[in-house]
Amino acid sequence: MNLDLHAWTAAVYLAAALAATLAVALPAPRANRWAVGILVVGAAVHALAFLQLHRQEPPPPLTGLPFVVSLAAWMAVLFFLGAARFARLAALAVLVAPAAFLGAFATSLAAPAAASLAARTSPAWSHAHVLLASGGLALLGVAGGAGLLYVVHHGRIKAKRGLGGLPLPPLEALDRVNVVALSVGFLLLSLGVLTGVMWVRATQGGFWTSDPHASATLVAWAIYAVLLVARFGAGQGARRSALSAVAGFAVLLFAVVGVGLLT
Amino acid sequence: MKLLLLGMNHRTAPLALRERFAVEDVRPGLGKLVAGDEIDEAVLISTCNRVEIVCAAPRLEPAQLRLRSFFERELDRRGDAARDPALDAALYEYADTGAVRHLFRVASSIDSMVVGEPQILGQVKDSYRAAVSCGACGPLLTRLFQHAFSTAKRVKNETRIAERPVSVARVAAELATEIFDHLRDKAALLVGAGEMTELALERLRSEGLARIRVANRTPARAAELAGRFGGSAHALDELPALLPRSDVVLTSIGGDAPLLDRDAFLRALAQRRNRPIFVIDIGVPRNVAPEVNELENVYLYDIDDLSAAAAANAEGRRREVVTAEALVLEEQQRFDVWLAALSAVPTIRDLRDRAERIRRRELERQLARLDLGPEQQEAVDALTRAIVNKLLHPPVSRLRDQSDREQGLATLETARALFGLDESGDDEEGDER
């Protein structure tokens, strides 16, 4: 793993995080434009880091936690930048940029891990699983972030206090990004679980494993499934959906990162 | 060159007095004002809150008299301002640094009735352009006004003086933009009528509101309002059908009991699949039951909520005035430095001219008494010239050095007073015989 480029990526994301924090704390909404611009640069440097990684001989394992976190952070940034082109969502950078920084920074600190036997014996399923699950983690992370901002902003407008004090995105934009990120993120997560099952089958012969990562991921998947049914089937309100997205992401983060760190 | 400002504003003069002196086309008056010798350049600012004349003049006192007479004879619509004691109390006057600072405060909207309002800068720019177009504005006022515009821009960019809206209508419109991403696909429902709701609706429309429906007890009134806002007219009994199709609801209608209750909104939300509704209730008594705000996707603001938000924003702007005043002071000092540098050249020239006049006169007087040959006369001439030059060298150097510092203007004024450069009396006055 090329640590230098990931360190550069982390530095750029940190600059974006500082600009986004200043934008909300001062408040200085113009700083959000800077944050978005810096994130664009960060995403480009991040892509170069992956390219350099890909060209290493032998290539490092893509199933390692540092790589998954880094890939999810990059995908989250890309999704955010895409969403910010269509709605007034620049202030969401206050959550996306620090998360991206943490992802890239953790990767830059991690030592290269050896590929597991399972990954070496079934590279196609393992790569598909990592790519899809990382995408799901990224989008559901953005959904959780947007949900958190929605709950805060909704509370401020309802309580009628200090309007405009925090330059947050409009509720409608936050809800829209929440819905899109949840829908696409859930699809990617489902495909990630499916490819994970196929990977287990290819390497261990069964369809399931007692791995805590698999169990926690299944719990998170179930939370999102209930959430989406409640939202689209039962007409649940945006605020409750936002709260559920925050809770769902907390469980998913535990399943992917927490379990990985604990085991 | 002196700068002078004479005027009245909303703090010193009531509307009745201000409207007597308001001018629509400032150019004819300005033409007359700069036609005489007292005033070289002038700009007249006339808005609903102020009438002010800024001018550049060679001497202060004649300019003061001319400006006062201009107010009384040319601007007063009633024509008897000279006999009106209220005018004396209403007029304020600033000279030089005071005039610069006042103009910078006006352009930066610190001196406005609603601090931070954006219109005043445009009005000051219009006044300046009008003065330029009729030839009343010369290089000094051009520099002064350009500096005022850049100061206003700096204040706007470096403070939050104009950031938050302070009118109920604008607060309502801003709230709508905090709830909705944009209003291009949103529909508004106006129930009843009233100045404030109409202003708010106008504001929302300027933000891009897509559709407007008007419901009123009187069909004719509904049709009139719908015509004005380009919407459709409806009767009040259509409200249950209109509510689910409305993203923004503005109400201001008479009645003892709330017209729209919690159940009405519950039904509407069910049909809207919980898409949010922003309700602005200006009615007194309230037209919408307060508990409606407890519904998750309804955001209800009544007149007290909007007024409180507007007042909080106004207070925030007042706090920013301290920062804005510091910026204005900084820019005023910069302008003073420029003005001082501009004034150093004529002061030095005046000083040299005066010294040379004295030297020549004394030389001629003494040469007439003495019987000296041409060579000796030349030697005495050179001697006196050298003495004068050596005597003048330190003050001239100091004037040049000081002119680009903050105290430059004060130094120049002191020099002019010490050497009597503005006195028109005989140079021999006070000379030893």
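Side chains are part of it too, since the values below use all heavy atoms of this structure and drop only hydrogens, waters and symmetry mates. Sequence lines set the chain letters: A, B, ... in the order given, protein chains first and strands last, and positions in each chain run from 1. Keep in mind the model is a prediction, meaning the values are calculated, not measured.
- Heavy atoms of B:Asn274 lying under 4.5 Å from chain A belong exclusively to its side chain.
- Salt-bridge check for A:Arg156 with B:Glu178: failed, with every basic side-chain N at 4.0 Å or more from each acidic carboxylate O.
- Between B:Glu325 and B:Arg105 there is a salt bridge, since a side-chain N of the basic residue sits under 4.0 Å from a carboxylate O of the acidic one.
- For a residue to count as touching a neighbouring chain, one of its non-hydrogen atoms must lie under 4.5 Å from one of that chain's; by this rule B:Asp305 touches chain A with the side chain only.
- In this structure, chain B has a heavy atom under 4.5 Å from the side chain of A:Tyr150, while its backbone stays farther away.
- Between the side chain of A:Trp74 and the main chain of A:Ala43, a donor-acceptor pair closer than 3.5 Å is present.
- A salt bridge links B:Arg262 with B:Glu294; the closest basic N to acidic carboxylate O contact falls under 4.0 Å.
- At a 4.5 Å heavy-atom cutoff, the contact between A:Arg176 and chain B is made by side-chain atoms alone.
- Looking only at distances, no side-chain donor or acceptor of B:Lys156 sits under 3.5 Å from a matching main-chain atom of B:Pro118.
- Interface residue B:Leu295: only backbone heavy atoms are found under 4.5 Å from chain A.
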